[in-house]
Amino acid sequence: MSAFERIVILTGAGLSAESGLSTFRDKGGIWARHRIEDVATPEAFARDPETVLEFYNQRRRGARGVTPNAAHQALARLEAEFAGSVMTVTQNIDPLHEQAGTRNLVHMHGEILKVLCTHCGARAPWNEDLTVDLACRRCGNTGGMRPDIVWFGEMPYQMDRIYAALTECDLFLSIGTSGNVYPAAGFVAEARAAGAHTVELNLEPSEGISLFAEAIHGKATKVVPAYVDRLLHG
């Protein structure tokens, strides 16, 4: 029987890496091959929408061909079987948490398989390539259909809900994240301040390792299922 009642889980690119999706900040990762300023800002979209859309079209094609790994599945099992509450906050834009069965989920950086109209704010599921001449189904305007992704300089989604959960949780898990992207990198401090036990499950120590009361390092597909078993069965 777990001593915890309210769990908040933060996940990052390291969770999906073993499913075949590229990480962003590692050597050889996405940001080693592309300049953030060219593909991941509102200014870039205004300046060169074709380049930005093609960058995310490639990400979307890649996301369609992957499946959840054992770590995703373990977190979904934790949500389903844990006697208390479990909320997962992911920095990932892929659909692997949902595919594994996680339901109480916040995509703080948006979702690659959704589209957002900059003209009217409409959002919708979207699996195909985006083009500059695509018309919004709500307002009919063209030229404003972008991936529903939080770009640099934009506010992540559902931050009020996330911070409320952090102040109430008694266990905070950080999984597969580098610990250098804010505001997510500050979540461990918020949880600590609220009295939560803080645990890092990561391939290697993150930049915020000193803020965690417990750390287990190794492949996500190994350490996450093992930790979930420990929470569920002692």
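Values reported hereafter were calculated over all heavy atoms of this structure, with side chains retained and with hydrogens, waters and symmetry mates removed. Position 1 is the first residue of the sequence, and the numbers go up from there.
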Mind checking the [atom1]-[atom2] spacing from [X] to [Y]? Nearest 0.5 Å is all I need.
X: F212; Y: N202; atom1: CZ; atom2: CG; value: 8.5 Å
X: C169; Y: M87; atom1: SG; atom2: CE; value: 10.0 Å
X: M159; Y: L166; atom1: CE; atom2: CG; value: 8.0 Å
X: L75; Y: L173; atom1: CG; atom2: CG; value: 8.0 Å
X: S85; Y: R6; atom1: OG; atom2: CZ; value: 6.5 Å
X: E111; Y: I149; atom1: CD; atom2: CD1; value: 8.0 Å

When you compare the side chain of [Y] with that of [X], does any pair of heavy atoms fall below 4.5 Å?
X: H119; Y: C136; value: no
X: V223; Y: L201; value: yes
X: I209; Y: E207; value: no
X: V39; Y: T51; value: yes
X: M108; Y: P183; value: yes
X: V106; Y: T90; value: no
X: Q158; Y: H107; value: no
X: I9; Y: E79; value: no

Any chance you could lay out the side chain to side chain contact (heavy atoms under 4.5 Å, CB included) test for F82 and I7, step after step, and finish with the verdict?
CA-CA 9 Å; F82 185 65; I7 302 174; 3.6 Å; yes
Backbone N or O of [Y] within a donor-acceptor pair of the [X] side chain at under 3.5 Å?
X: E200; Y: S206; answer: yes
X: T88; Y: T102; answer: no
X: T167; Y: A164; answer: yes
X: R60; Y: I112; answer: yes
X: S19; Y: L21; answer: no
X: N104; Y: V86; answer: yes
X: N69; Y: L15; answer: yes
X: N92; Y: G12; answer: yes
X: H197; Y: D170; answer: no
X: E204; Y: H217; answer: no

Only counting residues at least two apart or in another chain, list the ones meeting side chain to side chain donor-acceptor pair (under 3.5 Å) with W151.
Y56
Apply side chain to side chain donor-acceptor pair (under 3.5 Å) to Q99 and list each qualifying residue two or more places apart in sequence or on a separate chain.
none
If you measure only the distance, is there a donor-acceptor pair under 3.5 Å linking the side chains of E81 and H233?
no
Polar side chain donor-acceptor pair, Q91 to T177, under 3.5 angstrom
yes
Which heavy-atom pair separates [X] from [Y] by the least distance, and what is that distance?
X: G144; Y: F45; value: C-CZ, 4.4 Å
X: R138; Y: G121; value: NH1-C, 4.5 Å
X: P147; Y: L53; value: CD-CD2, 3.9 Å
X: C139; Y: C117; value: SG-SG, 3.8 Å
X: A220; Y: G14; value: CB-O, 4.2 Å
X: N57; Y: D129; value: OD1-CA, 3.4 Å

Passes side-chain hydrogen bond (donor to acceptor under 3.5 Å, both in side chains), H72 versus E18? Steps please.
CA-CA 10 Å; H72 296 102; E18 289 181 74; over 6 Å; no
Carboxylate-amine/guanidinium proximity below 4.0 Å for R59 and D94:
no
Cationic N near anionic O, under 4.0 Å, R146 to E50
no
Is the number of heavy atoms from other residues, nucleotides or ligands under 6.0 Å of D133 CG greater than 12?
yes
Count the heavy atoms of every other residue, nucleotide or ligand shown that sit under 6.0 Å from CZ of R137, and state whether that count exceeds 12.
no
Start with the C-alpha distance between L211 and T198, add both sets of side-chain angles, then the distance that settles side chain to side chain contact (heavy atoms under 4.5 Å, CB included), and finish with yes or no.
CA-CA 8 Å; L211 294 173; T198 55; over 6 Å; no
Is [X] linked to [Y] within one hydrophobic cluster, defined over Ile, Leu, Val, Met, Phe, Trp and Tyr using a side-chain heavy-atom separation of less than 4.5 Å?
X: I216; Y: L231; answer: yes
X: V188; Y: I175; answer: no
X: W126; Y: V132; answer: yes
X: Y227; Y: L78; answer: yes
X: Y182; Y: M155; answer: no

Within 45° of the six-membered ring axis of Y157 and under 6.0 Å from that ring's centre, is NZ or CZ of R123 located there?
yes
Test E98 against L105 for side chain to side chain contact (heavy atoms under 4.5 Å, CB included), laying out the working first.
CA-CA 8 Å; E98 297 95 318; L105 176 67; 3.5 Å; yes
Would you say the rings of F187 and Y163 are close, in the sense that their centroids are separated by under 6.0 Å?
yes
Step by step, work out the salt bridge (Lys or Arg N to Asp or Glu O under 4.0 Å) result for E214 and R230.
CA-CA 14 Å; E214 184 180 355; R230 190 171 121 194; 2.6 Å; yes
Would you sort out whether D38 and V52 count as a side chain to side chain contact (heavy atoms under 4.5 Å, CB included), showing the intermediate values?
CA-CA 7 Å; D38 292 339; V52 172; over 6 Å; no
